[in-house]
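Down below is the structure, laid out as structure tokens.
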Amino acid sequence: MLRGIWADVLDVREDEIASGDRFLALGGDSVLAVRMAALVRRRLGVVLALSDIRVEQTLAELADVIRDRSAGRTADAPDLHITRRPDPLTPFPLLPLQQGYFVGQQDGWELSYDSAHHYLDIGLVGVDGEEAPEALQDAVNRLAAHQPTLRARILSDGRQHILDVDDPAAVVPLRVHDWRGLGEQQAARRLAELREEMRRHGPDPMSGPGVDLRLSLLPGGRGRLHSATSLLLVDGWSSGVFYRDLFAFAADWNTVLAPLDVDFGDYVTTVQRLPETPQWQADRDWWWSRLDDFPQPPALPLAVEPDAVRVPVMESLHQRMDASRWTRLQQLCREHQVTPSAAALAVYAVALARAAGHRRFLLNSLQLNRLPLHPDVHRMVGAFSSTVLLPVDLPERGTLAELAHACQTLIGDALAHNLVSGVEVSRELARRRGSTRPVAPVVFQSTLGVDAAMGSTIPDEAGPLGRIDLTDHHQELRTPQVALEARLYEARDELVIVFSLVAELFHPSVVRDLFSEFTVLLESLVSPSGWQIAHELPQALEPAADDTALRLDARPPVRTAQSGGPLCDDLERAVAACWREVLDLPEGVPLDRAADFFALGGDSLNAVRMLSRLARSGLPHVTPRAFLAAPTVAGLAASIREKPGRGERSLSPR
């Protein structure tokens, strides 16, 4: 039965799979492993934890694990079952990464933006300019009915809810730009202006739809589909689901997709029970026991202090690897028993070590964290993604084959303890370090293997929209709390490599040289010899104490003028009362003027809620960024007093 599951997931014949074959050697990866776990649960009734699954496992080894599970000899996987909520329109919490994006949109952290979103436009050829707009609007209407998350809104208190399908506000409007009558140069200028507008100003699901969809009609029967999607609602996997479903509806008026038996809200309310399980607590203990030994992020030389940067967009560097070379690289990865993602992470780590001048550093990795709790989970649009922290520790000398194996082990260990998200781990790490800066602003993201895991790709044609030319696409990312992100994905059998960065932070040559080294090293893995070349890395394990490079982890200046002691006036007592309520502190916990919000267990989401609650009571609003400069009772009270036109109305925390 397991052989049949592997055959379905890996798209190979059952008789081609032997008991000693490894999942990885047959084309598997960590993304496909999640889909495999879902099928094991569905067909065999056995719940697997990600710690049970290693891409290096053989069929026989995994079968032994499943036998142990079914015999009840181990109990490491939380046996959660998704059930429908009584009322699908009631609010439900944000997942941890959603919380991070929500706070980032409140100007709550350095490197923040008014919207966290992904912009994409795709080339269309042979567009029916008369039929396409109507077909596309009908498609997005049906898609919003099919995918409830497209009707979601974010509430000011940091929760989310789904609008009823008949609510007029639930409609995702399509805007059409008809430039067919323009000359080529003029149309190109309009296209560039639209692209710049949408990459700078993303949709805000606090006030409207989380998707901004446009269609531009161009001379010669060409067109482009433009979309900006809020990261609060749509993650990388969901983007693929969104386009597949949208083009399916647009191609045929009669298309009917299998209904979803559960929605994103059902999933979220289910995983809220994870902290009650011994498995979640074991994962938390695993992370917490390691945190004090975690390194700092790469000490990349910066041009300015991060708290001085206010930019509207992130810049991008792009490179492609053609289909033949990408296929060869994948083949060599299988021969070396590593995933392409692990090989790319090793290359990224080498390039970063050389740029930063040290070999031990902390990275953040974005993962498509869909727990296999229901067969429909992989078909849903939602912000499932999470982060995982990766403490990289490189040797002074090593081949990329050796380093890729080490990175694969590093990723595997982290994902085996994924019930506690990287956002939660980062909060605890920041608390221990006394830092209000992002602890891991250098990111690695790979969505390689997603198409195979979904079992389908974006179609070549979509009815009146014409032929979809994925090789002609442009995308931009705007993610709060990120200084630099390396991203890898596939488009029509090609590998696409993107660096997204806050360009103003860095001297231009730093990131340009880093990107060049990354792409050259990755290209070297197309040849067998590239895997065996020994690479020399910096002698320094950690950055020198007197390193002149600006550090991304250094805490910004904190005002210390406020001394401790008893609360001195009604304003400080109102602040303390609000903190006690928001943080659910027992009455026995004393709060004096020097009490620190984060030391008391607060996090960034609670801080935003607390500041909003004080503002609703009639006090001047203090921005999260200003609060972070002095997160004590006295510090916040002083910030409120400094506000012009401070009201003297009720000081009730409500």
Side-chain angles (χ1 to χ4, degrees), residues 2 5 23 30-57 61-83 92-99 262 264-291 294 365-378 380 382-391 409-429 601 603:
L2 183 57
I5 291 172
F23 190 70
S30 58
V31 179
L32 286 171
V34 174
R35 185 181 176 205
M36 176 185 66
L39 290 179
V40 167
R41 180 172 188 153
R42 183 177 186 179
R43 297 182 188 178
L44 304 181
V46 176
V47 179
L48 293 175
L50 287 184
S51 55
D52 293 328
I53 307 168
R54 296 280 184 165
V55 292
E56 309 97 310
Q57 275 174 321
E61 289 168 345
L62 184 57
D64 285 340
V65 172
I66 292 173
R67 291 187 189 98
D68 285 341
R69 287 280 185 233
S70 60
R73 287 195 284 271
T74 54
D76 293 334
D79 192 9
L80 297 178
H81 297 276
I82 295 182
T83 56
F92 55 97
L94 298 175
L95 290 178
L97 188 57
Q98 289 181 293
Q99 295 173 16
V262 295
F264 184 59
D266 301 326
Y267 177 92
V268 172
T269 53
T270 298
V271 299
Q272 293 298 304
R273 304 201 306 270
L274 277 173
E276 305 167 8
T277 67
Q279 296 82 16
W280 184 93
Q281 294 162 16
D283 280 4
R284 178 200 57 199
D285 293 345
W286 187 88
W287 284 107
W288 267 222
S289 67
R290 288 160 171 76
L291 281 183
F294 270 21
S365 181
L366 192 65
Q367 299 291 328
L368 305 173
N369 190 40
R370 295 183 179 228
L371 298 180
L373 304 180
H374 189 280
D376 282 347
V377 167
H378 75 285
M380 291 193 293
F384 294 86
S385 288
S386 184
T387 56
V388 62
L389 296 187
L390 300 175
T409 300
L410 179 66
I411 296 172
D413 288 345
L415 293 183
H417 300 87
N418 74 325
L419 298 183
V420 177
S421 75
V423 173
E424 295 166 294
V425 176
S426 296
R427 287 172 179 164
E428 175 64 15
L429 182 58
D603 56 37

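What you are looking at is a predicted structure, and each value in this text was computed from that prediction instead of being measured. Positions are given from 1 along the sequence.
- One finds the CZ atom of R370 at 13.0 Å from the OG atom of S386 (value rounded to the nearest 0.5 Å).
- W288 and E424 make their closest contact through CH2-O, 3.9 Å (heavy atoms, listed as atom of the first residue, atom of the second, distance).
- Here the CG atom belonging to D266 is positioned 10.5 Å from the CG atom belonging to D376, to the nearest 0.5 angstrom.
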Pair L429-F294, side chain to side chain contact (heavy atoms under 4.5 Å, CB included): steps then yes or no
CA-CA 9 Å; L429 182 58; F294 270 21; 4.2 Å; yes

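- Taking both residues in full, the closest heavy atoms of L95 and F384 are given as CD1-CA, 4.3 Å, listed atom of the first, atom of the second, then distance.
- Of the inter-residue distances, the one linking R284 atom CZ with L274 atom CG reads 12.5 Å to the nearest 0.5 angstrom.
- In this structure, H374 and V377 have side chains that are in contact, with non-hydrogen atoms separated by less than 4.5 Å.
- Taking the side chain as every heavy atom from C-beta outward, Q367 and N418 never approach each other to under 4.5 Å.
- In this structure, W286 and H417 have parallel ring planes: the angle between them is below the 30° cut-off, well short of the 60° mark.
- Residues M36 and F23 meet the side-chain proximity criterion, which asks for heavy atoms closer than 4.5 Å.
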Apply the test side chain to side chain contact (heavy atoms under 4.5 Å, CB included) to residues V388 and W287: give CA-CA distance (whole Å), side-chain angles for both, the deciding distance (0.1 Å), then the verdict.
CA-CA 11 Å; V388 62; W287 284 107; 3.8 Å; yes

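- The two residues L390 and A414 come nearest to each other via the heavy atoms CD2-CB, 4.0 Å.
- Taking the side chain as every heavy atom from C-beta outward, L97 and N369 never approach each other to under 4.5 Å.
- To the nearest 0.5 Å, atoms OG (S421) and CG (D283) are separated by 11.0 Å.
- In this structure A282 satisfies the side chain to side chain contact (heavy atoms under 4.5 Å, CB included) test with no other residue, sequence neighbours excluded.
- For the residue pair H81 and R273, the shortest heavy atom distance occurs at O-NH2, 3.7 Å.
- For the pair V40 and I5, the minimum side-chain heavy-atom distance is below 4.5 Å.
- In this structure, the side chains of P391 and R290 stay at 4.5 Å or more apart for every pair of heavy atoms.
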Apply side chain to side chain contact (heavy atoms under 4.5 Å, CB included) to the pair D64 and R67, showing each step before the final yes or no.
CA-CA 5 Å; D64 285 340; R67 291 187 189 98; 2.7 Å; yes

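- Between the OG1 atom of T409 and the CD atom of E56 there is a distance of 6.5 Å, given to the nearest 0.5 Å.
- Put simply, the side chain of L371 reaches to within 4.5 Å of the side chain of L419, judged on heavy atoms.
- The two atoms that bring P275 and Q281 nearest to each other are O-NE2, 3.1 Å, heavy atoms only.
- For Q99, the side chain to side chain contact (heavy atoms under 4.5 Å, CB included) partners two or more places apart in sequence, or in a different chain, are L94, R427, L605.
- Closest approach of S385 to L368, counting heavy atoms only: OG-CD2, 3.8 Å.
- A distance of 5.0 Å separates CG in L62 from CG in L2, rounded to the nearest 0.5 Å.
- Between V262 and Y267 there is no side-chain heavy-atom pair separated by less than 4.5 Å.
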